Structure formats: structure tokens, C-alpha cells
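Data block below; observations after.
On a predicted model such as this, the values are computed, not experimentally measured, just so you know. Throughout, numbering of the chain's residues begins at 1 and tracks the sequence.
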Amino acid sequence: MWSGPRNLSTAMMYAFGNRADFAIWDEPFYAPYLAATGLDHPMTDDIIAAHETDAQIVAQLCIGPIPGGKQHFYMKHMPHHMIDGFPLDWAQDCVHVHLIRHPARVIASYGAKRDEMTLEDIGFPQQAAIYNALGGVVIDSADIRTDPKGMLVKLCDAIGLPFDPAMLSWPAGARKDDGVWAKHWYETVHKSTGFAGAEGPLPRVDPPYDSLLDNALPYYDALAARKL
């Protein structure tokens, strides 16, 4: 599952993780990304200390045995974590789903957690590049929130997976599989027991982020034209 930040990605991980046949992995390349770039993110030192930072080792684990002897492995990936030099050959035989969200909503949500952001931080060009390289199924988070069961049935059908009603709800609270960064980013989803209802009107994006919205929209629109 490829998704930019603030995009229903953790709720989707919980949905798949609530199936008995799935193991889950939360952003495997986040620690390698921070270690390689030196970027200052919330909890950077904690993330690097708690998670594997070698991208080559992470790539091997992505294609290694599925944890817990499960039949399927759900990996939540952020496209902007896949910087130049990080391996992507492990992904060739994976089933790829691209979770998208209107950039106005991403900018508003991301801005509530960080004071600054760039187009690369929210991952729209990187997601488009990965889609062009690997293909896959596109699904919009707004559609999932409006009709969770209908869209998850469509998604499961598109990737050749039987739908499981367990995907529609989960226990509140943290998960053992959460990355250490959950303390900063996952407060809302930890309070949830299922998908929230339909979102309201698009938020207004004011300067200085109006140009960021303009730059992100073409990438979003290109993927949205291919969505389920």
C-alpha cells in the first residue's frame, strides 16, 4: 500500500491487520529514510534507535518469510521514503495499491502536525513515479470514508482477495505493530474503532501553501483518473 502522509493509511493498515490472514508492517523504510537524509522529523532520534536503518536489510525483510506464518503481508509504504539509491526490486512481485487523498486535505492535516512542508514531504510526485514504475490499483480515501464496505469490497475484488467483514472495524488503541512514531501521529486513529464518515467540503488552503496545492494537484488528478 503506497500512500502519502495524513491519508487514511494507518486506518487501512488496521483494517487489513484485523484480518486473521494478514501480517502488517508500518512504514518499513521510514528509519532508513531519516538516517540517510538527516531530515529533522518529529521523534527522529527515537525512530532511528528503534527501527532498522539499513535499506538493503529492510528490502530483504520485505520479501522474506511473512511474520507469524500468515498468508498475506500488508506493508504500509510512504513513496517519499524511497529515495535515490534505495532498492525497489523487492517490489516487482508484490500487489500494489495506491491510496490517494486530495492535496488540500493532506496539506491541512499535515500542517496541523508540522510547521513546514514541501511537495516532497507530502509525496505526490514520488507516488506518481512509483505508480508509473510498478502500476497497481488506485483508491481514494474520500471514497473509502463515504462507503467503507463498498470500496473495500471493490478493492479486494480488484486484487484477487476475498472480502472479510473484519476489515470494517477494529479495537481502539495502539497496535504492537505500530512504528514508534505512533505517539506523535496516530492519536486520532487510536481513538477510532472503524472508518470515519464522509468528509466535509475541501479546506481552504491559504498562502504560503496555495502554491504547494497547485503543484500537487496535477499528480493527484492523474492518479484520481485511474481510481476504483
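A 4.5 Å side-chain heavy-atom check between Asn18 and Asp164 finds every atom pair outside the cut-off. Inter-residue side-chain proximity for Pro32 and Glu52 is flagged as unmet; no heavy-atom pair is nearer than 4.5 Å. Side-chain contact between Met82 and His80 is absent, with no heavy-atom pair separated by less than 4.5 Å. Counting only heavy atoms from C-beta outward, the side chains of Thr44 and Leu39 never approach each other to under 4.5 Å. For the pair His98/Ser3, no side-chain contact is recorded, criterion being any heavy-atom separation below 4.5 Å from C-beta on. Contact of the Val97 side chain with the Met1 side chain is registered, since non-hydrogen atoms from C-beta on lie closer than 4.5 Å. Under the 4.5 Å side-chain criterion, counting only non-hydrogen atoms from C-beta, Ile107 is in contact with Leu212. With contacts defined as side-chain heavy-atom distances shorter than 4.5 Å, the pair Gln56/Phe86 does not qualify.
Judged purely by distance below 3.5 Å, without hydrogens or angles, the side chains of Trp170 and Ser192 pair a donor atom with an acceptor atom. Side-chain atoms of Thr146 and Asp143 include no donor-acceptor pair closer than 3.5 Å.
Screening residues 206-228 for ring-ring contact (aromatic ring centres under 6.0 Å, His included) gives His102-Tyr220 as the qualifying pairs, with residues at least two apart or on separate chains.
The number of heavy-atom neighbours closer than 6.0 Å to NZ of Lys113, taken from other residues, nucleotides and ligands shown, is above 12. The environment of Asp93 atom CG is sparse: at most 12 non-hydrogen atoms of other residues, nucleotides or ligands sit within 6.0 angstrom. Heavy-atom contacts from other residues, nucleotides or ligands closer than 6.0 Å to NZ of Lys154 number 12 or fewer.
Proximity of the aromatic rings of His72 and Phe16 is defined here by a centroid distance below 6.0 angstrom, and this criterion is not met. With ring centers used as reference points, Trp90 lies under 6.0 Å from Phe29.
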inquiry  = Determine whether Glu116 and Asp121 satisfy the following criterion, side-chain contact (heavy atoms from CB on, under 4.5 Å), listing intermediate values before the conclusion.
reply    = CA-CA 9 Å; Glu116 298 180 1; Asp121 289 331; over 6 Å; no
query = Given Leu217 and Phe124, is the side-chain contact (heavy atoms from CB on, under 4.5 Å) satisfied, shown in steps?
reply = CA-CA 8 Å; Leu217 270 171; Phe124 282 90; over 6 Å; no
Would Trp185 and Arg6 count as a side-chain contact (heavy atoms from CB on, under 4.5 Å) here? Give the steps. CA-CA 9 Å; Trp185 295 102; Arg6 316 310 293 166; 3.4 Å; yes
Residue pair Phe163, Leu155: steps toward the side-chain contact (heavy atoms from CB on, under 4.5 Å) verdict:
CA-CA 9 Å; Phe163 172 70; Leu155 175 59; over 6 Å; no
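Leu134 and Ala91 get closest at one heavy-atom pair: CD1-CB, 3.9 Å. Contact detail for Phe73 and Cys62: the closest heavy-atom pair is CD2-O, 4.4 Å. Closest non-hydrogen pair, Met78 versus Pro5, comes out as SD-N, 3.6 Å. Of all non-hydrogen atoms in Gly123 and Pro79, the two that sit nearest each other are O-CB, 4.2 Å. Of all heavy-atom pairs between Pro42 and Ile47, the closest is O-CD1, 3.7 Å. A pairwise comparison of heavy atoms in Tyr74 and Ser9 identifies OH-O, 4.3 Å as the closest pair.
In this structure, the separation between CG on Asn7 and CD on Gln127 is 7.0 Å, given to the nearest 0.5 Å. Distance CZ/Phe22 to CE/Met75: 10.5 Å, rounded to 0.5 Å. Separating the OH atom in Tyr30 from the CH2 atom in Trp181 is a distance of 7.5 Å, to the nearest 0.5 Å. Note that the CG atom of Leu223 and the CD1 atom of Ile130 stand 11.0 Å from one another [nearest 0.5 Å]. In this structure, His81 NE2 and Gln126 CD are separated by 10.0 Å, a value rounded to the nearest 0.5 Å. A distance of 7.0 Å separates CD1 of Ile63 from CG of Asp89, quoted to the nearest 0.5 Å.
At a threshold of 4.0 Å, the pair Arg175-Asp177 does not count as salt-bridged, since none of the basic side-chain nitrogens sits closer than that to a carboxylate oxygen. The pair Lys76-Asp26 counts as a salt bridge, with a side-chain nitrogen and a carboxylate oxygen less than 4.0 angstrom apart. Using a 4.0 Å cut-off between charged nitrogen and carboxylate oxygen, Asp206 and Arg204 count as a salt-bridge pair. With respect to the salt-bridge test (charged N to carboxylate O, under 4.0 angstrom), the residues Arg101 and Asp140 do not qualify.
His190 pairs by the side chain to side chain donor-acceptor pair (under 3.5 Å) definition with Tyr14, Asp178, not counting sequence neighbours.
In terms of hydrophobic clustering, with Ile, Leu, Val, Met, Phe, Trp and Tyr side chains grouped at heavy-atom distances under 4.5 Å, Tyr131 and Trp2 are assigned to a common cluster. Leu202 is not connected to Ile100 by any chain of hydrophobic side-chain contacts under 4.5 Å among Ile, Leu, Val, Met, Phe, Trp and Tyr, and they are in different clusters.
When atom types are taken as modelled, the side chain of Arg226 and the backbone of Ala222 share a donor-acceptor pair closer than 3.5 angstrom.
The one candidate from Val138, Val137, Leu99 that meets the side-chain contact (heavy atoms from CB on, under 4.5 Å) condition with Lys227 is Val138.
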